[in-house]
A.B. asks: 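Take a look at this one; I'll ask things after.
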Amino acid sequence: MKIAICDFELRTLELIKNFVADTDTLGDQPFKILSYENPFDMLAYYSRYRDIDIILLNVEMKSGYDVAKELRKLDKKVEIIFLGKTTKMAVKGYSVNASYYLLKPIQNQVLQYILNKSINNILSMHTKFFWNKSGERVDKIYYFEIKWIETYQRKTLISTINGKYISGTTMKEHIERLHNSGFVQVHSSYIVNLEYIRNITGNTITLRDGEIIPISKKRKREFLNTIEQFYNTKIVSL
């Protein structure tokens with residue numbers, strides 16, 4: 001699990017880094033800590049790797065809030081915790097779905113409570129799964145592992161970060177099970193996990209690993225609307 005801390009105040013960076021490094025009560029999770037003084041450096045890293053779980057961001061620093069908005073466009077689920085000396089920016093946290101607002105000076109007891117809450121939120125997202133039976137084999141498949149699902153002969157094929165699995169579950173049953181979990185049917189033959197999309201060009205989707213998924217013309221507008229709702233953003237034509 002990775003925690004990123006972004007603050008121009010070195011004291012805050014060191015305080016949080018030292019607290020996380022010294023404690024053994026954060027859900028028994030091993031941590032890697034990334035620290036940034038410039039929010040755009042953090043944004044650049046996250047845009048490329050998408051592997052930060054919790055972000056503590058000084059929202060009062062220059063461009064802090066703008067970076068928070070960009071982060072939320074990239075990922076609806078990453079835990080964002082605002083840091084600040086006053087509550088005047090707390091209301092803006094609602095627009096980017098910030099999880100919490102920590103007032104400075106930060107108290108260790110409060111920091112531990114907030115981090116534990118964020119960790120529990122993350123773990124709960126990673127506990128959704130279903131059992132897939134194919135012949136004599138039964139696999140446990142977590143939602144977050146699924147990249148896309150397609151029709152395959154008279155069955156379906158589930159493509160995950162760990163491999164591909166043939167399933168007797170229909171496309172309709174898949175979409176009903178995955179409802180409100182970040183999945184959308186973009187074609188009569190394809191369901192895609194929004195978290196794995198890199199870009200959309202014409203009637204095709206390119207995933208982060210370079211795989212190409214087609215979009216049917218009749219589903220494209222609904223697909224784009226789903227993206228806007230899921231990420232609470234607006235896709236603007238240039």
Side-chain angles (χ1 to χ4, degrees), residues 1-2 4 43 46-55 68-81 93-99 117-132 139-151 156-165 167 169-201 203-216 218-235:
M1 189 172 288
K2 287 185 179 178
L43 180 61
Y46 194 80
S47 298
R48 182 174 182 181
Y49 296 106
R50 308 281 185 97
D51 63 352
I52 300 174
D53 300 287
I54 301 172
I55 296 172
K69 289 195 295 183
E70 293 302 313
L71 286 168
R72 187 53 76 213
K73 290 178 184 178
L74 292 171
D75 190 336
K76 185 180 179 181
K77 297 178 181 177
V78 63
E79 290 280 310
I80 299 176
I81 300 171
Y94 291 107
S95 64
V96 294
N97 197 27
S99 301
K117 292 281 287 184
S118 293
I119 290 166
N120 288 334
N121 291 341
I122 293 165
L123 293 178
S124 67
M125 286 191 296
H126 285 68
T127 55
K128 290 184 179 181
F129 67 90
F130 59 88
W131 294 101
N132 183 69
D139 293 284
K140 186 178 185 181
I141 300 178
Y142 287 89
Y143 287 19
F144 76 93
E145 297 176 329
I146 301 170
K147 297 185 292 182
W148 48 265
I149 301 172
E150 68 171 309
T151 55
T156 54
L157 185 68
I158 306 170
S159 178
T160 77
I161 58 178
N162 299 313
K164 296 180 180 179
Y165 305 88
S167 174
T169 304
T170 66
M171 294 294 279
K172 181 180 178 181
E173 290 169 337
H174 279 305
I175 202 66
E176 288 175 353
R177 172 162 46 193
L178 298 169
H179 182 63
N180 285 336
S181 296
F183 291 83
V184 61
Q185 187 167 11
V186 297
H187 189 283
S188 60
S189 300
Y190 287 92
I191 295 169
V192 175
N193 186 340
L194 296 179
E195 296 292 349
Y196 288 95
I197 294 176
R198 175 186 294 168
N199 61 57
I200 304 160
T201 305
N203 290 321
T204 61
I205 297 167
T206 301
L207 302 185
R208 299 205 307 252
D209 59 6
E211 293 177 306
I212 304 295
I213 304 295
I215 311 170
S216 68
K218 69 176 184 179
R219 291 182 185 269
K220 186 171 182 180
R221 185 63 259 171
E222 180 184 353
F223 168 52
L224 295 177
N225 288 339
T226 301
I227 290 178
E228 291 180 335
Q229 293 170 12
F230 188 75
Y231 289 103
N232 191 27
T233 188
K234 185 74 176 173
I235 298 175

A.B. asks: Hey, could you give me the CZ/CG distance between R219 and N203, rounded to the nearest 0.5 Å?
C.D. replies: 13.5 Å
A.B. asks: Look up atom OH in Y165 and atom CD in E145, then write down how far apart they are to the nearest 0.5 Å.
C.D. replies: 7.0 Å
A.B. asks: Using every non-hydrogen atom in the two residues, find where D209 and R198 come nearest and quote the distance to one decimal.
C.D. replies: N-NH2, 4.4 Å
A.B. asks: Please check if the side chain of R72 supplies one atom and the backbone of A98 the other of a donor-acceptor pair under 3.5 Å.
C.D. replies: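 No, R72 side chain to A98 backbone: no donor-acceptor pair under 3.5 Å.
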A.B. asks: Answer yes or no: are there more than 12 heavy-atom neighbours, outside K220 itself, under 6.0 Å from its atom NZ?
C.D. replies: yes
A.B. asks: How long is the gap from NZ on K128 to CG on L178, to the nearest 0.5 Å?
C.D. replies: 9.5 Å
A.B. asks: Which value, rounded to the nearest 0.5 Å, describes the distance between R50 atom CZ and L74 atom CG?
C.D. replies: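 The CZ atom of R50 sits 4.5 Å away from the CG atom of L74.
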A.B. asks: Would you mind reporting whether F183 and W148 have side-chain heavy atoms less than 4.5 Å apart?
C.D. replies: no
A.B. asks: Nearest 0.5 angstrom please: Y46 OH to D51 CG, how far?
C.D. replies: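 With rounding to 0.5 Å, OH (Y46) is 8.0 Å from CG (D51).
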A.B. asks: Of I161, T206, I146, I205, which meets side-chain contact (heavy atoms from CB on, under 4.5 Å) against Y196?
C.D. replies: I161
A.B. asks: Closest approach of S118 and I54, non-hydrogen atoms and distance?
C.D. replies: CB-CD1, 3.8 Å
A.B. asks: Does the side chain to side chain contact (heavy atoms under 4.5 Å, CB included) test come out yes or no for T169 and R177, once each step is laid out?
C.D. replies: CA-CA 10 Å; T169 304; R177 172 162 46 193; 3.6 Å; yes
A.B. asks: Are the side chains of V192 and L207 in contact, using a 4.5 Å heavy-atom criterion?
C.D. replies: yes
A.B. asks: For the side chain of N193 and the backbone of E195, is there at least one donor-acceptor N/O pair under 3.5 Å apart?
C.D. replies: yes
A.B. asks: Taking C-beta and beyond as the side chain, do L71 and I52 meet within less than 4.5 Å on heavy atoms?
C.D. replies: no
A.B. asks: What closest approach, in Å, do M171 and I149 show between heavy atoms, and which atom pair accounts for it?
C.D. replies: CE-O, 3.8 Å
A.B. asks: Is NZ or CZ of K140 both nearer than 6.0 Å to the six-membered ring centre of F129 and within 45° of the ring axis?
C.D. replies: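 Yes, K140 and F129 form such a contact.
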A.B. asks: What is the minimum heavy-atom distance between K172 and I175, and which atoms define it?
C.D. replies: O-CG2, 3.2 Å
A.B. asks: Taking all heavy atoms of S167 and all of I158, pick out the closest pair and write down the distance.
C.D. replies: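 Smallest heavy-atom distance, with atoms named: CB-CD1, 3.8 Å.
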A.B. asks: Quick check: are there more than 12 heavy atoms from other residues, nucleotides or ligands sitting under 6.0 Å from CZ of R221?
C.D. replies: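 More than 12 heavy atoms, drawn from other residues, nucleotides or ligands, come within 6.0 Å of this atom.
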A.B. asks: What's the spacing between I215 CD1 and Q185 CD if we round to 0.5 Å?
C.D. replies: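 I215 CD1 to Q185 CD: 13.0 Å, rounded to 0.5 Å.
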A.B. asks: For a 4.5 angstrom cut-off between non-hydrogen side-chain atoms, does I200 reach L224?
C.D. replies: yes
A.B. asks: With a 4.5 Å limit on heavy-atom distance, are the side chains of L194 and I227 in contact?
C.D. replies: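 SC-SC contact between L194 and I227 confirmed.
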A.B. asks: Are S99 and K117 packed together at the side-chain level, in the sense that at least one heavy-atom pair is separated by less than 4.5 angstrom?
C.D. replies: no
A.B. asks: Do any N or O atoms from the side chain of D53 and from the backbone of K2 form a donor-acceptor pair under 3.5 angstrom?
C.D. replies: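 Looks like yes, one N/O pair under 3.5 Å.
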A.B. asks: For T160 versus K147, what's the shortest heavy-atom pair and its separation?
C.D. replies: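 So the minimum-distance heavy-atom pair works out to O-CE, 3.6 Å.
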A.B. asks: In sequence, state the C-alpha distance, the side-chain angles, and the governing distance for E70 and K73, and then conclude on salt bridge (charged side-chain N to carboxylate O under 4.0 Å, His left out).
C.D. replies: CA-CA 5 Å; E70 293 302 313; K73 290 178 184 178; 3.3 Å; yes
A.B. asks: Counting C-beta onward and ignoring hydrogens, is there a side-chain heavy-atom pair between H187 and I213 closer than 4.5 Å?
C.D. replies: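 The answer is no; the side chains never approach within 4.5 Å.
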A.B. asks: Over 60° means perpendicular and under 30° means parallel, so classify the ring planes of Y142 and F144, tilted if in between.
C.D. replies: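 Because their plane-to-plane angle lies in the 30° to 60° range, the rings of F144 and Y142 count as tilted.
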